Every structure is written in C-alpha cells, then in structure tokens.
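Letters A, B, ... are given to chains in the order of the sequence lines, protein chains preceding strands, and every chain is numbered from 1. Here the structure is a predicted model, which means the values were calculated and not measured.
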2 protein chains.
Amino acid sequence: MRRKLTRSGLTGLLVTHLADVRYLCGFTGSNAALAITRHCARLFTDGRYRAQAAEEVKAAEAEIVSRGAAVSAVEWLAAQHGVEAAGFDPSHATVADLDRWRNALPARLRRTFFAPLPAPLVEPLRVVKSDMELAILREAAQIGCNLFDHMLGFLRPGLREYEVAGELEHAARLAGAEGMSFETIVASGVRSALPHGRATDARLPRRGFLTLDFGIIHKGYCSDMTRTVHFGTPRPRERVAYEAVLEAQQAAVAAVAAGVRCGEVDEAARSVLRHAGLADAFSHSTGHGVGLEIHEPPRIGAGQKDRLEAGMVVTIEPGIYLPGEFGIRIEDMVAVTRTGGEILTPAPKALIEL
Amino acid sequence: MRRKLTRSGLTGLLVTHLADVRYLCGFTGSNAALAITRHCARLFTDGRYRAQAAEEVKAAEAEIVSRGAAVSAVEWLAAQHGVEAAGFDPSHATVADLDRWRNALPARLRRTFFAPLPAPLVEPLRVVKSDMELAILREAAQIGCNLFDHMLGFLRPGLREYEVAGELEHAARLAGAEGMSFETIVASGVRSALPHGRATDARLPRRGFLTLDFGIIHKGYCSDMTRTVHFGTPRPRERVAYEAVLEAQQAAVAAVAAGVRCGEVDEAARSVLRHAGLADAFSHSTGHGVGLEIHEPPRIGAGQKDRLEAGMVVTIEPGIYLPGEFGIRIEDMVAVTRTGGEILTPAPKALIEL
C-alpha cells in the first residue's frame with residue numbers, strides 16, 4: 001500500500017472504510033481510522049478495543065483515542081513531517097465527515113489538505129485474493145454448500161418462508177458462521193419471480209419453484225450462493241426455463257479466466273438466455289466480486305470492459321423472472337485462475353424435485 | 001414536512017436516507033430517493049419495485065427510473081418551477097454522491113443548487129412517535145420480552161454463546177420478526193465485561209454472569225433490550241454490583257419525563273453508580289432513541305442539554321464492566337409521556353439465578 005501511495009504522488013492517506021482498514025492492518029473493531037504516510041501507518045480506535053487492537057493490528061502502530069478515530073487520524077497526519085496532503089475515498093466519506101475532518105486541521109491547511117482519490121487505492125488490492133484469503137473463501141463457500149444440503153432435508157410444502165430462513169440461519173450459527181453476509185432470500189411459488197424476495201409468511205407450494213439465495217460470514221469473508229429447487233413435477237415450460245438458466249450459468253462459468261473481459265462473461269450467460277427467448281426476463285447483471293464485503297468489484301455486467309485477474313473471486317448468477325409465473329436463479333462463487341475458473345460452491349445444480 | 005421546508009426557507013429537498021424516505025412516504029424498498037418541493041413530492045426507485053411502490057407510497061407520486069434514483073430526483077428537482085436550491089443531509093450523502101448529483105445539473109446551477117442542511121430536517125419529526133408508531137414499538141418490545149422468556153428455558157451451562165444467539169434468532173424468526181435490529185450480543189463469564197461481546201464459541205459457565213443484548217425488527221421498527229442473568233449462586237460482590245446497576249437503571253427510568261434534559265436522566269443512573277464506587281466501570285452513555293433505526297436521537301449521555309419530549313422512545317441501559325472479572329447491563333425501552341415514562345419491555349429485572 002505504501003508503495004502504491006508513493007506511486008500515486010500522495011504523501012498521506014486516510015482510510016476509514018472498515019473493510020479496507022481490516023484488509024490493510026487486520027483490525028476488526030467497529031470504530032477505526034487508519035492513517036498512512038510513505039513511511040509509517042497508525043491505527044486509531046477507542047478504549048473498547050484496547051486489547052483487541054494490540055492483538056490484531058499488524059504493519060501499523062495502534063493508538064487508543066477518546067475523541068473520534070478519524071479526526072484523531074487527521075490531526076496525526078497533518079502533524080507528520082512531509083505530509084502535505086491526504087487522499088481519501090469519496091465513496092466512503094460523507095459530506096459531514098469531510099467537514100469535520102477539515103475543521104480538525106490548522107486553518108492554513110483546510111482548503112488544500114484533502115484530496116478525493118480519483119479512483120480507489122485499496123479496493124484494487126482487495127479484489128485479487130491471496131492464497132490465505134482464497135482458502136478462507138473456499139471454506140466459507142463449503143459451509144454454504146453444507147447448509148444447502150441440510151436444507152434439502154428440511155424443505156417441504158406448507159412451511160412458511162420465514163421458517164425456512166430461520167432454519168437456515170440457525171444451522172449457519174451452529175456451523176460456526178459469524179453471521180449471514182446479507183438478508184436471506186427465500187422466494188417461493190410466484191414470489192420466485194422477485195429477484196430479491198425476502199422471506200415472508202407465504203407457505204411453500206405443493207407445486208412450484210423455491211429460490212434460496214444466502215451467504216454466511218466466515219473469518220470475516222462472505223459466501224454467496226443461490227439454488228432454485230422445485231416442489232412436485234415441473235411443467236415442461238418450467239423445465240425448459242430451468243435448463244436454459246443452468247446452461248447460461250455454466251456458459252458464464254466456462255467463460256471465466258484471467259484476461260477475459262467481465263462483459264464477455266456476462267454475454268456468455270446472456271446469449272444463452274437470448275437464444276432461449278428469455279433475454280428480457282434476465283433483468284440484472286451476471287455477477288460481482290465477493291470477499292470481505294458481499295459486493296465488491298469487479299461487476300460482471302453487460303459491456304463491462306474490466307478484465308478478470310487470477311485470484312479474483314466472483315459470483316456467476318444469471319436468473320430469469322416471469323412476473324405472476326415463476327423465477328429461477330442459479331449462483332456459484334468462482335475463483336479466477338490463469339486458465340479458467342474454480343467453482344467454490346460444489347453443491348449440485350441439476351434440477352432438484354422435492 | 002413541506003410546512004417545515006417552507007419555514008426553513010428552502011424551495012427543495014432531496015431525501016436519500018432510506019429510513020427518512022420510509023418515514024415520509026411509506027416506501028420500504030432498498031433503492032429510493034425522495035424529492036420534495038413546497039408543493040409536491042416524488043419518489044424515485046427502480047423497476048424491481050414497481051408493484052411495491054404503487055402499493056406503499058403515500059403523499060408522493062412514484063416514478064420508476066432506469067438510471068440512479070438520486071440522480072433522477074436531482075434532475076426532477078432542478079426542473080421544477082420555483083426550486084432554486086435543494087437541501088440535503090450531509091450525514092447521509094457521500095462526497096462522491098454530491099459530486100454525481102452536481103454533475104446531473106445544468107452547468108449554471110452546479111455551484112449554488114445544493115445546500116447542506118445545518119441540522120437534519122426529517123430526524124426531528126421521526127424522534128417523536130405517533131400513536132401508531134408507539135403501538136408498533138410496544139409490539140416489537142413485547143416480542144423481545146417473549147423471546148427472553150423463551151431463552152430462560154433454553155439457557156444452561158456448557159452451551160456455546162453462538163448456540164444461544166442461534167436459538168434466540170431462530171425463535172425470533174418463528175415469532176414473525178423481520179430480522180434482528182443489530183448483531184446479537186451474548187457475553188458470558190469474563191466476556192460479560194465486554195460491552196459489545198459478539199457471540200463466540202465460548203461456553204456458558206457453571207458460575208458467572210451472562211449478558212443478552214438483542215433486538216428484533218417488527219413492521220420496520222426496532223426493539224432493543226438487555227438482561228444479565230447469573231448461573232449458580234452469585235458472590236456477594238457480584239450481587240452488590242447487580243443491585244447497583246438495577247438501582248441505577250430504575251433511577252434513570254424514574255427520571256424520564258417530557259421536559260427533562262437527557263443529561264439529567266444520564267446523571268440519575270450515573271450518580272447511583274458513583275455512590276456505589278462504580279463510576280469508572282460505567283464506560284458508556286445511558287441510552288439512545290430507537291425507532292425505524294436502532295440508534296436515533298436523542299442521546300441520553302452525560303451533559304446532554306436536549307430535552308425529552310412526549311412520544312420519544314429511548315433505551316435506558318446503564319452497565320458496569322470490570323475487565324477480567326464480570327460485567328452487568330440492564331436495558332429497557334421507555335416511551336416518554338407528559339408525566340413520566342412507560343416501560344415497553346416488562347420482562348423481570350430482579351437478578352435471575354439459573
């Protein structure tokens with residue numbers, strides 16, 4: 001990071017986004033700011049985290065402050081020899097934050113000190129995962145698959161969607177998950193046509209689809225997977241649609257490799273659904289990066305020019321949504337390798353009839 | 001709100017904080033911006049929410065847009081006759097947001113159009129609850145109490161903290177909660193001395209305290225309560241400390257009434273703990289408002305000059321934390337009335353020995 005700082009021409013950097021703070025120095029507390037110069041780095045947090053900071057923080061000194069962590073970081077940066085300006089991420093600083101930070105500076109520095117970064121500096125480091133991060137993400141994804149397997153033994157018509165979410169989340173806790181990585185999606189029957197159907201008191205149908213989209217947090221990292229199963233025997237039209245989504249998903253997974261443009265991966269899925277006459281029913285992009293946050297770059301969407309790099313972990317999740325009828329989505333986590341993609345979520349994808 | 005806008009001298013307002021949007025027009029989707037003029041209001045969201053917006057939105061027109069909701073709201077505001085400037089909440093707009101919004105304006109308006117509000121406009125409306133909101137918060141708090149009662153039958157030494165959190169969250173789902181209002185705190189034994197101890201794999205002790213701090217979401221509103229129970233027979237020092245926290249909590253509840261300064265309520269709790277020699281062990285403030293968000297104004301902290309108003313709902317949650325030994329916190333939700341406070345969380349507070 002410090003090399004990158006130097007190359008960017010900056011003399012200081014203020015990092016307040018907690019996922020970035022954790023990535024750079026290991027600190028997992030809920031209140032922190034990291035100040036970085038070309039020569040050193042210092043983490044600021046409050047008294048609740050004294051023991052935790054001493055234990056977790058690497059590559060930076062930790063300082064416990066009673067005032068705001070970010071304001072303390074600003075004051076420290078401004079007092080460092082050779083620091084004339086500090087970059088910050090404008091996507092993770094509110095207008096009120098910036099105002100507060102400026103007011104913590106000596107008057108002569110107020111107008112010139114803060115430089116909104118034209119592009120994120122930390123995020124590009126985070127999107128390419130280290131071997132240790134890949135190992136954690138593989139574990140997280142496997143916990144998700146085990147949970148899906150558990151749910152196959154639990155699901156039956158007549159259960160309410162929230163009972164399904166409750167069972168899944170309870171099993172996740174018992175499997176040691178630190179939490180869910182996003183609000184569990186349980187969408188059954190006609191509700192499967194909602195891309196983001198939260199669990200309601202609707203009952204699972206005797207006949208129809210059920211979409212489960214969920215993720216857990218494991219050692220700070222997020223998993224994310226979706227499977228759509230069917231209660232009873234699918235109608236021909238439903239079966240054809242499922243096979244089209246599965247083929248689209250597999251085509252996109254097969255398109256993953258270092259050097260490939262994200263838009264090409266999206267197009268691999270989209271063209272299958274276009275040929276199946278379902279282009280309009282695929283109303284979102286194909287996937288996104290995943291790591292310390294559930295949504296990270298890159299975005300796997302139509303026309304995206306960014307290229308995949310080895311070590312990225314992305315979701316591949318095409319879906320179709322036919323309002324008033326049904327919806328289907330299938331999602332894996334895929335690690336990008338030099339020559340292709342490694343599926344981290346090995347749960348079966350062939351249509352399951354319950 | 002429009003009256004307030006007129007009084008503030010503004011001709012337009014951009015509301016992007018989702019809790020504010022929900023409060024003002026009822027829309028509960030995850031992507032929205034509300035534009036308000038002195039004469040009308042319009043909600044902007046995306047195609048996923050077409051049906052939901054038509055059903056939920058009151059007192060505003062709803063418009064489905066394919067571009068960003070906030071940018072669309074900005075363009076609409078700038079095109080309204082008589083709107084020369086738009087207020088926005090600088091605590092809920094990032095520096096990058098503001099930049100995007102400005103770029104959506106005609107060049108002649110860019111420098112002057114946006115006015116950061118010197119104080120929030122919507123929040124002061126939200127902190128005083130209507131009768132309907134009070135009824136929902138009462139229900140939410142009661143669901144929390146029922147869950148605590150359920151947990152008393154579940155808790156036993158040897159359980160892991162995450163099993164406790166899992167049971168609680170599962171029971172919450174089955175009780176119809178929409179979710180938890182914050183990460184469940186389960187802190188047992190020496191870990192009870194951590195004010196915000198997340199559930200770990202630590203086992204509940206044969207002898208020692210257990211602090212449960214949790215909340216659910218019901219019809220969009222948050223509950224929040226804490227109880228500390230004891231496994232085995234408490235030592236005299238532990239019993240004395242518990243009684244001191246309970247007395248402090250009751251003193252603060254008794255101090256609640258419309259017109260009282262928040263700092264006086266805090267002082268009611270703090271002085272009890274000071275007399276018990278535990279002033280330093282009470283390391284946080286006494287409480288906070290609660291509603292659509294888990295933390296809302298007012299803050300019930302030392303020296304706070306703001307006065308309580310009838311209809312506010314606040315937590316009263318003094319605690320003590322003795323590192324390496326134990327911790328105790330007791331928390332109720334209290335609705336402020338003209339003459340006092342109504343406890344919304346009637347679960348017992350006398351020391352429970354399990």
* Asked: With a distance cut-off below 6.0 Å to the six-membered ring centre and an angular limit of 45° from the axis, does R270(A) pair with F282(A) as a cation-pi contact?
  ->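 Yes, R270(A) sits over the ring of F282(A).
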* chain A heavy atoms under 4.5 Å from H284(B): which part of the residue, side chain, backbone, both or neither? ->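 It is neither, since no heavy atom gets under 4.5 Å.
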* **Toward chain A, the part of Y321(B) with a non-hydrogen atom under 4.5 Å** =>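 For Y321(B), neither part sits under 4.5 Å from chain A.
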* Asked: Among E167(A), R100(A), R160(A), which residue forms the greatest number of heavy-atom pairs with chain B at distances under 4.5 Å?
  ->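 Winner by heavy-atom pair count: E167(A).
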* Check whether the ring centres of Y49(A) and F27(A) lie less than 6.0 Å apart, and answer yes or no. =>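 Yes - the distance between ring centres of Y49(A) and F27(A) falls below the 6.0 Å cut-off.
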* **Result of checking D224(A), T286(A), T228(A) against E331(A) for side-chain contact (heavy atoms from CB on, under 4.5 Å)** =>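 Filter result, single survivor: D224(A).
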* Taking side chain to side chain contact (heavy atoms under 4.5 Å, CB included) as the test, write out the residues that go with E183(A), two or more places apart. =>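 For E183(A) the side chain to side chain contact (heavy atoms under 4.5 Å, CB included) partners, ignoring immediate neighbours, are R198(A).
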* Asked: Picking from A93(B), A51(B), A177(B), which has the most non-hydrogen pairs under 4.5 angstrom with chain A?
  ->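 Ranked by heavy-atom pairs under 4.5 Å with chain A, first place is A93(B).
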* To do: Heavy-atom pairs under 4.5 Å with chain A are the metric here; pick the option from G166(B), P90(B), A96(B) that has the most.
  =>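 The candidate making the most pairs under 4.5 Å is P90(B).
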* Begin from the C-alpha positions of R173(B) and E163(A) and carry the test salt bridge (charged side-chain N to carboxylate O under 4.0 Å, His left out) through to its verdict. => CA-CA 7 Å; R173(B) 277 282 197 187; E163(A) 294 177 298; over 6 Å; no
* Asked: Contact part of L98(A) toward chain B, heavy-atom cut-off under 4.5 Å: side chain, backbone, both or neither?
  ->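 Just the side chain, heavy atoms under 4.5 Å.
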